[in-house]
Each structure stands twice: as structure tokens, then as C-alpha cells.
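In this text the structure is predicted, and so the values were computed from the model without any measurement. Counting convention: from 1, in listed order, for ligands and their atoms alike.
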Amino acid sequence: MSWLPFPGYQRLKRLSRQVARICPFQGDIKPTRIPLLQFGSGRPTLPFPHPWNYDQPLKILETFFWGADEETGSGRHNRYLNVPGFATILVTRDPGVIRSICTDTGDKEGQFDRDTLPSKGIARATGKDTLLYSNGALWKHQRKICASPFGKTSLFEPTVFHDFTDTFRSTVTQRLEALRQLLKSSGQTKLRLQLEPEIRAVMLELIAINFFGAEVAYDELRDRHVPALGRVIDSIVTDTVKNPLGIRVTRLPSFTGRIARLKQDYAAFEELTDLVLVGRGNGMGLWKKFKSEAPDKALRSNIKVFLAGALEATTSYASWAISHLARNPEAQEKVFHEVKDIDDYNPDNLEQAKYFNHVLEETLRLTPSLYFLPRRTTRETRVETADDRGIVIPQGVHVLLDVWHANRHEDHWGVAATGYPALDFVPERWAELAEGGRVSKETLHFGFGHGPRVCPGKHLGQLEVGLVVGAFVKLFRFHAVDAKNEAKAGVSTKPADGTLVELQLRETAGNPTDKVK
Ligand code: HEM
């Protein structure tokens, strides 16, 4: 136990050091301090979310690295904000530091926590006792009771896998058939369409009906639950920034039409969760693989995280993959030739579709769905990187692992490091990295995180995205309406144009969906 002269001593000491502008970090990694205000700098925004800029989170991160490319030291990729009276914020786009901090996040004494500050809105929408929001022993317990059905061992067990992909395949086939009919009935050979809402509907169907066995009609799911859950997810970001008192929307009187509608949306979310839990009771979907005795009540908030999180992340991932292919016709043709004869989407076949896998890998690198990973030090912590650099971070610092900007920086993913410019979408870079003997731990893009808190839904998510994108490429040839591929960001990132494409059937004779199996 340490001896302290009087209560609040540490806080006062920190405040005096902040006022004196003393760097709170030690070690050979020396982050650069950024000012709160920088008039005339041309900097995109203030370096923290507030009601004017919170809808531009990528720009907030960018602000930390304004002018950083002129630096040559470790401040080039590590920056901090230290406003007197507030907790220090460290932002890093240094892959070595990101990897070490991810590895050192967990329930052990002194390890990093996942910072709960940016997910307060998520906790109000789903509950605080979730796998996503909790830390320490509670997190470990939650991970144990509910991550197993998503694991590779459960999912890819041959019998389970075949039952499961059969239902998945028929869902995807039916939805693509509906698109084909839409195209046919338009009397045109080409159809201009924003694909994000279509992808969102199919993804919710895959997770809620196929995976969790909820019994709900597709039209009800598409017309009621998809928009309702979409609005709940959108409200999460607003709620995190604009609700300092932390009042749940469901407790507010319906002052405005927006609040009234949001309350209905939250009610629809509860109903969908109920339907999933009924599926558990009846042993539907993959619930049969779920061995836990945990009562429904203990799983409820996690189910909500799975529904909302899986919907958001898989929609983002598939939308980006289609969006990149829509701007890269050669890559699209290569994927088509690889997947056109795959009738059975089993892990072996998917693994053999090497180029397609590289397309998916490159998608997560260039446009990661979760654009930053939040962490917080639980005590003073020394971080050591694999290349022997180090930094000591004091207790209570908010650390933002800026995966978006790390993955797009020329220093880490550019011509010198990978053979191609970092900002270009080039699936070929992955084959060259492998040929050059680069092992996977040297080329982490953190698209599913890393370390103990890595995404438990990785295998399920990859399967869903592979199936949806693969089947789509098999059936349609498509190109982007707008050459630019800009991002919007909320809980996850997505193409700003809503994945607006012009699509054309690859075959006009017969029923092409016969081939999408
Ligand atoms: C395919 C698209 C997906 C992507 C890109 C993705 C990405 C991620 C990332 C980057 C993390 C780590 C966050 C961090 O380190 O702070 C994460 C965690 C998580 N993901 Fe996913 N995810 C996807 C699909 C899913 C699915 C399908 C589920 C569930 C069915 C899921 C459930 C979760 C949960 C519960 C966590 C928190 C785990 C923990 O803290 O122990 N994700 N995801």
C-alpha cells in the first residue's frame, strides 16, 4: 500500500503537472502533445466529441495526427491531449503499440481494460453486464458463458456446419432471387440500387433466424425489425455524446415524435430478443450447441449485443467488400472466376478461394468496420513492443487504438512495406506478403481485434460475409455510381453512398439463382 500525504494528492499532482505541461509518459516512445484549440491550423475539428462534431468521428481522430507526417520521431504515430483537470487521452496509430496493448488487455491484475467511455450509449441500449461493456472478472465470466457457440470448433463441426450453411444458403439465395425479380420486372437490363439496406436485412435474417432460430416472418423482420434496430444503433452514438445525465430513452416521456418512435424501436428490439430466447427454449438454430446452464436472464443483454453488434459489423464488412469490388472490375472478375463453381461453402472450399480471401482481408485492412479500439490503464503500465520500444502509461489514461489511420498509413502499409500504396485497394498485396515470408503476426490489421478480447464472432462473421458477397458476385456484375469511395462512421464505418451500385445479371437465360448454391 502506498503512503499518500492527503486525499486527492494524486489528482492534485496530476493537475499541477498538466498545468506545467510535463509529459505524463516515460520511455523511448514519446508521444507528441496536441493543443485543444489551434486557431488557423486548418485542423478538421476539436480533438474530442461534442454535439457539433460527434457525427464525424474519423475527423476527430484525424485531428490528433494533424501535421504529424512532418515529424520523424515516435510522435509521428503517437499523440496525446492533456487538458488540465481532465483525464489524459493517448491516441496511437502505431501498429506495434496497438498490438502490445491488445495483447495486454484482459482480466489479469494490471492489464488494460476496454474503456467504457465511448460505449455508454451501447450499455444503455443493451445492459451493462455484457461481454462488450464489462471488464475484469465479470467480462471473463460473460466470455465463458456465451462465446462458445460462435467458436470455430462449434461452427465448423461437419454436421453442424452443413445444417447451418444449408439454411444460410437458402436465405441468401431467396434474397438474391428477390433482387433478380426486381431487376426483371423493371424491364431494364441494369438497376441502380443502394445495397446497404438489402445487406442489412439479409444479415439480420442470418443471425436472428438462421443462427438463433427465432421464429419471425421475413417481412416482419425486414419491414419492422431492420429499420427499428437500425435507428436504435444510430441513436447509440447520439446518446453517448448528448445524454450526460444518462437517462434511458425508454424512461423519457414521449415529448417529441422522435422520442416516441425511438421508444417503439426499443420495444421492437426487446421483442426480437424474446423471440431469440424462445428459440433457445426450443433448441432451435445453433442453440443446441450451447451447453451453458446460464438462465435466459443472464444471457439477455449479451443477446442484444450479438444482435445489434453482429448486424452492424457484418453489414459494414459486406458493404465495404461490395463497394471495393464495385470500383475494381478486374478484382470482381477474378473473384467471380474463383467462386463460380463453388457449390458448397465449406471452410475448405472457402480457404481454397485464395483471391477472394485476400479481397476480404484487404477490405478489413483498408476499411475496418470498428475504426478504433478503446482501452484504459487500470494502473501505471509499461508497454513493450515486439521491436523493443517501450512506453510507460500512467493510471486512468484513455487510450484510443486508431486502427483506421494505422491501416491507411504509408509507413506501415505502403509501397516500401507491402509493394503497393497504402490507400489503394490491392488484394494482391496479401499474396506478395505471404510470398515474401511475412508471417501473420507481422501484418495484423486488427479488423477483428487481437488478444484476449478478440472478436468471438469472427468465424461466424467471416462465413456470413463470404457467403453473401460470394453469392452476390456469382449472380451480378456491378459497378459503383460514384468513383469516390468515402466513409461515414457511427458505431461502425460504412460506405458514405450507402453502397450505391448499378447492377446487371450475369446471365439472362434460365434461372441464375439455380447456380447460387
Ligand atoms: C464480421 C464482422 C465483424 C467484425 C469486423 C467484428 C469486429 C470486432 C472487433 C474489432 C472486436 C474487438 C473490439 C476491441 O478489441 O475493443 C470485436 C469484439 C466483439 N465482437 Fe465482433 N466483429 C464482427 C462480427 C461479430 C459477430 C457476428 C458477433 C456475434 C455474433 C460479434 C460479437 C462481438 C463481441 C461480443 C465482442 C466483444 C468481445 C469481448 O470483449 O470479449 N462480432 N468485434
Salt bridge (charged side-chain N to carboxylate O under 4.0 Å, His left out) evaluation trace for Glu205 with Arg175: CA-CA 10 Å; Glu205 189 178 6; Arg175 300 310 151 224; 2.8 Å; yes
Audit row: Glu198, Arg222, salt bridge (charged side-chain N to carboxylate O under 4.0 Å, His left out) steps and yes/no: CA-CA 9 Å; Glu198 310 299 324; Arg222 188 200 159 94; 3.4 Å; yes
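Aromatic ring centres of Trp404 and Phe372: separated by at least 6.0 Å. Ring centroid separation for the pair Phe478 and Phe472 comes in under the 6.0 Å cut-off.
Protein N/O/S atoms closer than 2.8 Å to atom 21 (Fe) of ligand 1, listed by chain and residue number, are Cys455 SG.
When hydrogens are left out, the protein atom nearest atom 7 (C) of ligand 1 is Gly447 O, 3.5 Å; that is the closest non-hydrogen contact. Given atom 30 (C) of ligand 1, the protein heavy atom at minimum distance is Phe150 CE2, 3.3 Å. Protein heavy atom closest to atom 37 (C) of ligand 1, with residue, atom name and distance, is Leu132 CD1, 3.7 Å.
Thr499 and Trp320 share no donor-acceptor pair across their side chains, judged by distance under 3.5 Å alone. A donor atom on one side chain and an acceptor atom on the other are not found under 3.5 Å apart for Tyr317 and Glu464.
Atoms of ligand 1 lying under 4.0 Å from at least one heavy atom of Ser369, given by number and element, are 5 (C). Using a 4.0 Å cut-off to heavy atoms of Arg375, the atoms of ligand 1 that qualify are 14 (C), 15 (O), 16 (O).
Looking at Glu384 and Arg382, a side-chain N of the basic residue comes within less than 4.0 Å of a carboxylate O on the acidic one, giving a salt bridge.
Only the side chain of Arg143 comes within 4.0 Å of ligand 1, counting heavy atoms alone; its backbone N, CA, C and O stay farther away. Under 4.0 angstrom from ligand 1, the non-hydrogen atoms of Trp139 all belong to its side chain.
The shortest heavy-atom contact between Phe211 and Leu460 is CD1-CD1, 3.6 Å.
A donor-acceptor pair is defined here as one N or O able to donate and one able to accept, closer than 3.5 Å; no such pair exists between the side chain of Gln395 and the backbone of Thr377.
The heavy atom nearest to atom 13 (C) of ligand 1, considering only Arg114, His459, Arg453, is found in Arg114. Atom 29 (C) of ligand 1 has its nearest heavy-atom neighbour, among Phe306, Tyr317, Tyr133, Phe211, in Phe306.
Screening Asp402, Asp411, Asp94, Thr92 against His77 for a side chain to side chain donor-acceptor pair (under 3.5 Å) leaves a single residue, Asp411.
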